[in-house]
Number of protein chains: 2
Amino acid sequence: MSHPGADRVRDVARLAGRSARSKRRSFLAEGPQAVREALRRHRSGTPTVEQVFATDEALARHPELAEPTDGVTLRRVTADVLAAMSDTVTPQGVVAVCRMLDVGLDDVLAGSPRLIAVLCQVRDPGNAGTVLRAADSAGADAVILTHGSVDLYNPKAVRSTVGSLFHLPVVLGVPFADLAVRLREAGVAVLAADGHGDADLDALQDASAARRLAGSAPDDEGTGPRLEAPTAWLFGNEAHGLAEEELTAADARVRVPVYGAAESLNVGTAATVCLYASARAQRR
Amino acid sequence: MSHPGADRVRDVARLAGRSARSKRRSFLAEGPQAVREALRRHRSGTPTVEQVFATDEALARHPELAEPTDGVTLRRVTADVLAAMSDTVTPQGVVAVCRMLDVGLDDVLAGSPRLIAVLCQVRDPGNAGTVLRAADSAGADAVILTHGSVDLYNPKAVRSTVGSLFHLPVVLGVPFADLAVRLREAGVAVLAADGHGDADLDALQDASAARRLAGSAPDDEGTGPRLEAPTAWLFGNEAHGLAEEELTAADARVRVPVYGAAESLNVGTAATVCLYASARAQRR
């Protein structure tokens with residue numbers, strides 16, 4: 001077992017802070033699931049992982065983490081060293097230093113995306129992670145975080161994505177000002193998820209199901225947004241919802257129905273319902 | 001401003017612990033949203049709140065909390081006293097001592113329920129809260145936690161329900177052994193949400209939409225579960241999913257489709273998708 005010097009331990013631990021991450025363009029993935037997904041991405045051809053630090057115990061339990069990987073250094077460390085490197089109380093024996101993986105908006109738009117989740121000023125790392133995970137499950141082509149949203153590389157946000165951060169392209173720090181215009185130019189409709197929206201998601205799903213069952217061509221009837229068309233969903237800040245500027249820029253404001261007594265939907269719940277509605281409409 | 005004695009402060013603080021809660025059949029709701037929802041339930045005729053402790057600042061910001069309420073004592077306290085009473089670092093100036101509000105399984109089944117969420121051995125308070133909130137949004141008639149699930153009255157679970165705990169009946173500590181039988185006897189189909197299920201939720205939704213659009217009577221065609229029928233969804237433990245016993249007891253195992261690269265769905269995401277699918281099928 002090698003003993004990394006105090007300098008190296010401190011260097012890794014500093015990645016819990018935003019300024020060290022920015023300077024080094026790297027961040028920390030903690031725990032076997034996140035590290036496994038990071039390594040999988042790396043092995044499939046996108047350089048992602050720089051170093052892995054793990055205890056013997058963790059490697060015994062998760063042997064796939066110890067498989068030699070081009071360009072990745074694996075260091076065996078003690079549980080104490082690992083705890084000193086990690087932001088979390090229980091890193092489960094393994095952390096990886098990863099390269100930042102966000103891409104540019106141009107790259108995403110060039111790929112003819114059909115489903116995008118846009119987080120507008122979402123501040124809570126747990127909520128951002130939940131939405132990213134829901135986007136991954138729904139097969140979204142990208143997640144965009146606008147300027148003013150939480151830093152997705154902060155350890156709590158990384159943890160809450162449970163590996164989904166390594167599955168789909170993310171674009172960070174996008175100024176909202178011309179985002180909707182750029183999306184529309186790329187043929188992507190912009191739908192605002194809004195508790196007071198005038199379009200009802202159930203009605204849009206019914207219309208989409210009726211078109212599918214009738215076998216009608218995608219552009220032969222009706223008005224209003226079609227869930228089967230390429231779509232970017234805007235999800236707003238957890239306390240204030242979408243700002244006026246964001247609502248105004250959207251093609252339509254869509255209300256997720258609340259059938260019970262809940263006052264409003266959690267942003268993670270709303271995103272799950274909206275993204276799955278689009279995925280269902282698009283994938284058959 | 002009255003100064004509650006150290007004994008009273010300690011009595012309230014002890015409600016963070018399970019044994020004090022059990023002995024006194026009461027628990028703590030923290031923060032203005034939870035306390036407001038508890039008071040609303042109380043005022044609508046179900047005794048819920050015993051005492052409210054709040055700072056002057058919180059009452060100035062949330063005057064509805066200070067409205068006199070039958071049977072509820074309001075005490076103004078300092079921020080220090082409030083912090084000593086509360087489990088959370090930022091109780092936002094108000095806590096309420098509430099009576100436990102869970103009901104019996106018989107009570108729920110007697111009410112001809114159409115949609116129920118069952119948490120089977122769900123251990124994380126945040127996950128339990130997310131499912132309860134999703135059940136509330138989807139208009140579920142009740143939430144049932146089986147024996148071995150998290151204590152829903154623990155402060156973290158209460159917080160994570162964001163007030164939904166006061167919106168719909170909950171049944172706690174139900175032994176799983178005869179639950180499915182009891183549900184079926186009450187005319188409620190039992191569907192297991194399972195990543196490896198043989199029924200596909202999308203297919204069930206399509207069949208339900210086709211029946212609705214064709215205007216066919218609810219029982220004139222097809223086999224397999226109908227989402228428009230009274231349904232209880234079983235959601236499993238976050239690490240291990242549903243146990244064999246739970247899967248076997250269900251009428252059908254239903255798979256929520258994963259369109260992307262995510263390995264599995266978070267229990268909150270799966271519950272949101274399943275409960276909203278049932279709500280959509282049932283409510284038109």
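Residues A:D202 and B:R280 meet the side-chain proximity criterion, which asks for heavy atoms closer than 4.5 Å. Counting only heavy atoms from C-beta outward, the side chains of A:Q282 and B:Y259 never approach each other to under 4.5 Å.
Counting only distance, with no hydrogens or angles, the side chain of A:Y276 and the backbone of B:P257 share a donor-acceptor pair below 3.5 Å. One N or O on the side chain of B:D136 and one on the backbone of A:A261 form a donor-acceptor pair closer than 3.5 Å.
The greatest number of non-hydrogen atom pairs below 4.5 Å with chain A, out of B:G139, B:G268, B:A138, B:S137, is found for B:S137.
Counting heavy-atom neighbours within 6.0 Å of A:E57 CD, excluding the residue itself, gives a total of 12 or less.
In this structure, chain A has a heavy atom under 4.5 Å from the side chain of B:Q33, while its backbone stays farther away. With a 4.5 angstrom heavy-atom cutoff, A:Q205 touches chain B via backbone and side-chain atoms both. Contacts between B:V256 and chain A at a heavy-atom distance below 4.5 Å involve the side chain alone, from C-beta outward.
Of the candidates A:L265, A:V273, A:N266, B:T272 forms a side chain to side chain contact (heavy atoms under 4.5 Å, CB included) with just one, namely A:V273.
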